[in-house]
Student: 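Dropping a structure here in structure tokens format, bear with me for questions.
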There are 2 protein chains.
Amino acid sequence: MSTERRAPLDRKRVADTALKLLNEVGLDGLTLRTIARELDVKAPALYWHFKDKQALLDEMATEMYRRMVAGTPLDAGDTWQERLLTSNRALRTELLGYRDGAKVFSGSRFTGLEHAGQMEESLRLFTAAGFTLAQAVRATSTTYLYTLGFVTEEQGVEPLPGERREGFDVAERARLMADFPLSAEAGAELFRDYGRHFEEGLALVVSGIEVRYGVA
Amino acid sequence: MSTERRAPLDRKRVADTALKLLNEVGLDGLTLRTIARELDVKAPALYWHFKDKQALLDEMATEMYRRMVAGTPLDAGDTWQERLLTSNRALRTELLGYRDGAKVFSGSRFTGLEHAGQMEESLRLFTAAGFTLAQAVRATSTTYLYTLGFVTEEQGVEPLPGERREGFDVAERARLMADFPLSAEAGAELFRDYGRHFEEGLALVVSGIEVRYGVA
DNA sequence: CCATTCTCCTTAACGCTGTTAAATTCCGCT
DNA sequence: AGCGGAATTTAACAGCGTTAAGGAGAATGG
């Protein structure tokens, strides 16, 4: 008889499993009972490791951030523009890696202070490039907030890359908007080719920082 | 005996009541039973008017948009910069008018096509100013997505203007981040003075559009 | 070596949620 | 008077996050 004792849970294993499940069931379907079942445990066991479900979501967001950092080698010799592009592309990619990734991420707060290292390094790079601290914060956080907003909307239409939520037929939309020709035509621009559009918006923000803070 | 018959519900009255309640109980506390009670009705009655809760949330978002438009007189003679500033300030103000306003708004889709009028007018203004349609869409939606991202984060810290969520003491945060001096100091910049920071980010985006699309 | 303590988990239950099915009430129409 | 549809209620269901109480097993210590 298998007297194998399952290794005890820990926060990381729970968060990892929850993130894996997230892609299959989405945020609405991600219940404590589902997560527990996958871990071969009953739901209340999770309360030993997390004070409530939000704390678990926070850990999931933190883990997403960790993975993003781990998967994004940053060159300390980057120009600030390169840094801004690289880190925001990485953020988008990471968020797109999970169904409802942006919602989970932006609805949570990091556990611990692990993110501070990365943040410090970025602020150092920006101030070294001639930004005041206030400008550095404005530059990075404006870009960050754009990315978050972008991916949130993007995932509202495409929950996972290539997978389309119903009711977003571009042609159908254009037909309905026959009386608004510009808006109708804009549909293609709005609901397709997210990658390209993200880049374009990102470039707009970067250009704004260049010109307004005079640090080309 | 009061044989007064309550006027039958309609989508607008339900959405209005739900929006009023939203400020008192927040998105998590906004249940169909609460809304129904306020309308002097039982919860299943709402299903006569909405196919499910999301449809009600969609109507709420649409109503928010209607109110924003109604409360924001737009001058057809605006420069595109003025239009961008005015409409995004209006959006932020409207979203801040409701607890979890940004979450409700960005998690929903408009019912109907009422928003198309406003959109058409904006696109007309931008193309008349020399933008291509693609540029006009990129300019307006990048700004829009920034605003959405901004207010979402803002309301994560200040659910309603002047009302602070716990665990966001700037001084406490600075103490914890003693090893990361720039990040610590950035706290003040990040979690205070949202109005000013919003304006600054908005200005960055507008500048970027100016320089990159060469339409000053 | 036994007793105690601590860690981690289970069983059982609670109140609440969104939602459905069926019955009911009320109004306008013929 | 009676029918039909609109609008609502009553009753119920499965599932949710969460809590309380208890139990098994390892670790500790006298």
Side-chain angles (χ1 to χ4, degrees), chain A residues 1-19 21-22 24-61 99-100 103-104 107-109 111 165-167, chain B residues 1-19 21-22 24-61 99-100 103-104 107-109 111 165-167:
Chain A
M1 57 278 201
S2 94
T3 44
E4 295 274 337
R5 306 255 322 127
R6 201 187 14 66
L9 261 43
D10 58 56
R11 294 175 62 96
K12 173 131 173 52
R13 268 200 41 222
V14 177
D16 285 349
T17 305
L19 280 173
L21 272 170
L22 182 60
E24 302 171 16
V25 299
L27 183 52
D28 283 352
L30 192 73
T31 73
L32 295 180
R33 285 164 165 79
T34 314
I35 300 166
R37 186 176 325 125
E38 185 79 11
L39 288 163
D40 209 29
V41 125
K42 300 299 153 71
L46 301 176
Y47 283 83
W48 181 261
H49 305 277
F50 300 93
K51 85 174 229 294
D52 57 18
K53 188 181 185 180
Q54 185 55 56
L56 167 52
L57 289 166
D58 289 347
E59 189 64 44
M60 290 168 67
R99 170 167 267 132
D100 299 313
K103 245 187 194 150
V104 170
S108 306
R109 303 278 148 195
T111 66
R165 203 160 300 206
E166 47 194 331
Chain B
M1 58 277 208
S2 93
T3 43
E4 294 275 337
R5 305 260 317 130
R6 201 186 15 65
L9 262 40
D10 58 57
R11 294 175 63 94
K12 171 133 174 50
R13 268 199 42 223
V14 177
D16 286 349
T17 304
L19 280 173
L21 272 170
L22 182 59
E24 302 169 16
V25 299
L27 182 53
D28 283 352
L30 192 73
T31 73
L32 294 179
R33 284 165 168 86
T34 314
I35 299 167
R37 185 177 325 126
E38 185 80 12
L39 287 163
D40 210 28
V41 125
K42 300 301 155 69
L46 301 176
Y47 282 81
W48 183 260
H49 304 277
F50 300 93
K51 86 175 228 295
D52 58 16
K53 189 181 184 181
Q54 185 55 55
L56 167 51
L57 289 167
D58 289 348
E59 190 63 44
M60 291 169 66
R99 169 167 268 132
D100 299 313
K103 246 187 194 149
V104 171
S108 306
R109 302 277 146 197
T111 66
R165 204 158 296 201
E166 45 193 334

Student: Please state how far atom OH in A/Tyr47 lies from atom C1' in C/dC8, giving the value in whole angstrom units.
Tutor: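 Going from OH in A/Tyr47 over to C1' in C/dC8 covers 16 Å.
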Student: Looking at C/dC9, I'd like to know if its phosphate oxygens (OP1 or OP2) sit under 4.0 Å from a side-chain N or O belonging to A/His49.
Tutor: yes
Student: Say you draw a straight line from CG of B/Leu46 to CG of B/Leu32; how long is it, rounded to the nearest 0.5 Å?
Tutor: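 It comes to 5.5 Å.
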Student: Check the distance between C/dT17's C1' and B/Lys53's NZ and give it to me in whole angstrom.
Tutor: 8 Å
Student: For the CD1 atom of B/Ile35 and the CG atom of B/Leu9, what is their distance to the nearest 0.5 Å?
Tutor: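 One finds 11.0 Å between CD1 of B/Ile35 and CG of B/Leu9.
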Student: Got a donor-acceptor contact below 3.5 angstrom from the A/Asp58 side chain to the A/Arg109 backbone?
Tutor: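 Yes; at least one donor-acceptor contact below 3.5 Å.
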Student: Please identify each residue that fulfils salt bridge (Lys or Arg N to Asp or Glu O under 4.0 Å) with A/Lys12, with sequence neighbours left out.
Tutor: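 A/Lys12 satisfies salt bridge (Lys or Arg N to Asp or Glu O under 4.0 Å) with A/Asp16, A/Glu63 once adjacent residues are dropped.
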Student: Mind running a 4.0 Å heavy-atom check of residues 31-44 of chain A against DNA chain C and sending the residues that fall below it, in number order?
Tutor: A/Arg33, A/Val41, A/Lys42, A/Pro44
Student: So, does A/Arg11 use its side chain to make a donor-acceptor pair with the main chain of A/His49 at under 3.5 Å?
Tutor: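 The answer is yes, because a donor-acceptor pair under 3.5 Å joins these two groups.
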Student: Measure CG/B/Leu56 against P/C/dT19 and give the value in whole Å, please.
Tutor: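 After rounding, the gap between these two atoms is 10 Å.
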Student: Check whether any side-chain N or O of B/Ser108 sits under 3.5 Å from a backbone N or O of B/Val104 as a donor-acceptor pair, and report yes or no.
Tutor: yes
Student: Nearest-nucleotide wise, let me know which of B/Leu30 and A/Leu46 is further upstream toward the 5' end of DNA chain C.
Tutor: A/Leu46
Student: Distance check needed: D/dG17 P versus A/Phe50 CZ, whole Å only.
Tutor: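 Taking CZ of A/Phe50 and P of D/dG17, I get 14 Å after rounding.
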Student: Please tell me which of the listed nucleotides, D/dA7, C/dT19, C/dC8, lies nearest to the side chain of B/Trp48?
Tutor: D/dA7
